[in-house]
Amino acid sequence: MFSRAYRTAITLPPLVWVLVFLLIPYALLFCFSFWSVSPAQSIVHSWTFDNYRELLRVNVYLQTLFRSMWIAARVMLFSLLLGYPLAYYLSFHAGRRKDLFYQLVIIPLWVSYLVRAYAWKTILGSDGVLNTLLQYVHLTQHPLDFLLYSPFAVVLTLTHIYTPFAFLPIYASLEHIPPQLVEASQDLGASPFQTFWRVILPLSIPGVVAGATFSFVLSLGDFLAPLLLGGPSGIMISNIVVSLFGAAYNWPLGAAISFCMMVLVVALLFMSEKLEKKWSFR
Amino acid sequence: MVLINTESASSSPPKLGTQPLLSIRNVAKSFGRNPVLRDISLQVAEGEFLTVLGESGSGKTTLLRIIAGFETADSGEIWMEAQRLDALPPYHRRVNTVFQYYALFPHLTVEENVGYGLKVAKLPKEQSVSRVEQALAMVKMTAYAEFKPGKISGGQQQRVALARALVNRPRLLLLDEPLSALDANLRRQMQVELKSLQREVGIAFVFVTHDQEEAMVMSDRIALLRRGELEQVASPREIYSHPATAYAAQFIGHTNLLTAEVSRGIARCKSLSWPVKLPDGVALFSLRPENIRVAAGNTDSDRIGFRGKVIWQAFHGATELLQIECIDGLLLSMRTASGQNSRGNLLLEFSPEDAIPVRKSQEAEKGL
């Protein structure tokens, strides 16, 4: 239908883009992870597994990785717990206010990440809005210090930021459920709860899987929230990578960690795709 | 231009004398400022096959949805025997629906779809298994029990939807244009199957369609709905032979509508005139094409004879439809058996009792 020249002309630019900005950097990253740093702080281009051995030997790396996954898992859980009811309400009960609510969910996405993270800082800090209020109503005598610079603060902020990412695919999958199916279920005698449990929930699984993947993967790789609000106990794996590439000047070790993360994330995406396929019927 | 299957709908007449199964009383419904149903009263007898027939936008689906409980009427009541139905949510009504596009659950197998109603009713497993088996056997879908709805054809989905509704043993089954998504051959086959199934299970059916042929073939009674109002509720034969309104006469079958001036027991339409028992004034008559015949020669005294020229003819298989122009320009359709080779000028006749007086429908009719 289209000439060969035309097809080449339109496929070439994206191909070049992917090659230059994705494949070559990844290949370089992969190479770096097998190189090492000399005592004189220069990269030694000889192949070694030392970085991967180091990664398994030094506790802090694995610990931080597990902490990151634990934080991401909680963010995923809370995003789903907030996002699903919201999407359900919008899709089935919001009526005329649907568009308004939808915009209200979307608008925060246009606000800079930094602004939102800083906002939490002013709310959670020891002189922050929340602590002042708690002391004002005499619920506490002293400022609560676990609020800020803790994994709690990171989970809270990331949940705030990534809930829309969980909400959107769930909402899309709910909107795709034909209303006749809900009516058919009621018609066959199912109560609203039974209809939800047996029809709506199963048919929205692809959206839930996509939303869970988004919130988990995005928070797993996050480094700003832990940097601004995490404190020493809220450090995540990306912060370590950043410091290895920066102050520590150990690019090979940083590359090794990054590569492991990448493998982990790709495996997750692969699994979620399988799950979504298994649960979609159209 | 539709052929009427006169062999159909010869089942026993519904017993309307006893208490009806379903009574719709003065139901009205508007969407915004747009009235969809106005003052509908209708009764459905036990075991009856009632068809709600109407064009798109006539309100027929809305009426069905009000009975099922998916819409609430603005006013009026719906009773099932001694129980007020319109106060109940859909899941507490002993009414099941076969939806237009079947609405099978895509994530459940055929078997699970059919068993859905029994499962949510928490019926013991052994009972529900055997009832599902029976229902699948009834619609000849046993072999497909493990299939997902996406893997079977439209006609098969139709059968599953029917089994899924009937397995719950409802008092009343609602069918929302269930055959409209099927192609013509399959549709005719399903009409016969559906009708015999209905007789077999003895459950009252309220069947919604826009297809008047389908309505004629299947129904015990037809409720003809137009712009949210009932034009006529009667058996197919009655509605065909004695249409109450011009709209009913035109919508069901093919007809000639004659506007005549009645004076002193004689109706006159252009050069035609025939005796009637109506008061003076303007009246509208329906004269079916098959009731106009070529005069046999020995002109009977009570037949009305006239001359006409064949200007157009359409072959319909067993019959032909002829367009006749009378001397005064009056155009009439007539139906003859095929192969009569009727053309040119003809001497025609009709019986005065075949010119059925009909009420004028609300706005200007097509035809005469």
Side-chain angles (χ1 to χ4, degrees), chain A residues 80 84 87-89 91-99 169-212 271-282, chain B residues 32 61 64-65 67-71 88-109 112-123 128 132 135 147-151 157 160-161 163-170 172-178 181:
Chain A
L80 291 180
Y84 199 105
Y88 180 81
Y89 172 77
S91 195
F92 290 100
H93 301 293
R96 243 178 287 164
R97 285 159 295 178
K98 202 175 191 168
D99 289 338
I170 295 172
Y171 179 69
S173 71
L174 290 176
E175 285 288 278
H176 273 105
I177 297 177
Q180 290 85 351
L181 292 186
V182 178
E183 288 179 352
S185 170
Q186 295 184 335
D187 190 74
L188 293 165
S191 66
F193 177 75
Q194 287 173 315
T195 298
F196 173 77
W197 189 247
R198 295 187 181 279
V199 176
I200 297 173
L201 187 61
L203 291 178
S204 63
I205 294 285
V208 173
V209 171
M271 268 163 52
S272 98
E273 176 135 347
K274 285 261 160 185
L275 260 179
E276 274 180 62
K277 279 233 176 81
K278 187 166 176 265
W279 282 92
S280 51
F281 303 94
R282 272 163 219 283
Chain B
T61 295
L64 200 76
R65 291 174 59 81
I67 302 173
F70 304 134
E71 305 277 357
L88 297 174
Y91 45 91
H92 285 150
R93 300 186 186 198
R94 284 203 62 193
V95 169
N96 285 118
T97 307
V98 175
F99 292 83
Q100 185 169 9
Y101 299 104
Y102 323 131
L104 297 178
F105 304 119
H107 58 299
L108 302 179
T109 62
E112 287 165 338
N113 263 284
V114 175
Y116 188 88
L118 305 177
K119 191 158 194 172
V120 296
K122 302 199 169 66
L123 202 75
S128 98
V132 168
F147 283 56
K148 291 272 169 70
K151 301 276 182 227
Q157 290 184 30
V160 175
R164 183 178 70 171
L166 286 174
V167 78
N168 305 296
R169 298 177 183 159
L172 179 67
L173 188 72
L174 308 175
L175 302 101
D176 185 9
E177 306 218 20

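So you know, we letter chains A, B, ... as the sequences are listed, proteins then strands, and number each from 1.
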Is it the backbone or the side chain of B:R94 that comes under 4.5 Å from a heavy atom of chain A, or both, or neither? neither

Using modelled atom types and a 3.5 Å cut-off, is there a donor and acceptor pairing between side-chain atoms of B:D176 and backbone atoms of B:Q100? no

Hey, is the main chain of A:L188 close enough, under 3.5 Å, to the side chain of B:R164 for a donor-acceptor pair? no

Answer with side chain, backbone, both or neither: which region of B:N168 has an atom nearer than 4.5 Å to a non-hydrogen atom of chain A? side chain

Got a donor-acceptor contact below 3.5 angstrom from the A:Q186 side chain to the B:P90 backbone? no

Test item: A:V199 and B:Y116 side chains (from C-beta on) under 4.5 Å apart, heavy atoms: yes

Side chain, backbone, both or neither: which part of B:H107 has a non-hydrogen atom closer than 4.5 Å to chain A? both

Under 4.5 Å heavy-atom distance to chain A, tell me which part of B:K122 shows up: side chain, backbone, both or neither. side chain

Using non-hydrogen atoms and a 4.5 Å limit, figure out which bit of B:V98 sits close to chain A: side chain, backbone, both or neither. neither

Should the pair A:Y84 and A:Y88 be assigned to parallel (<30°), tilted (30 to 60°) or perpendicular (>60°) ring geometry? parallel

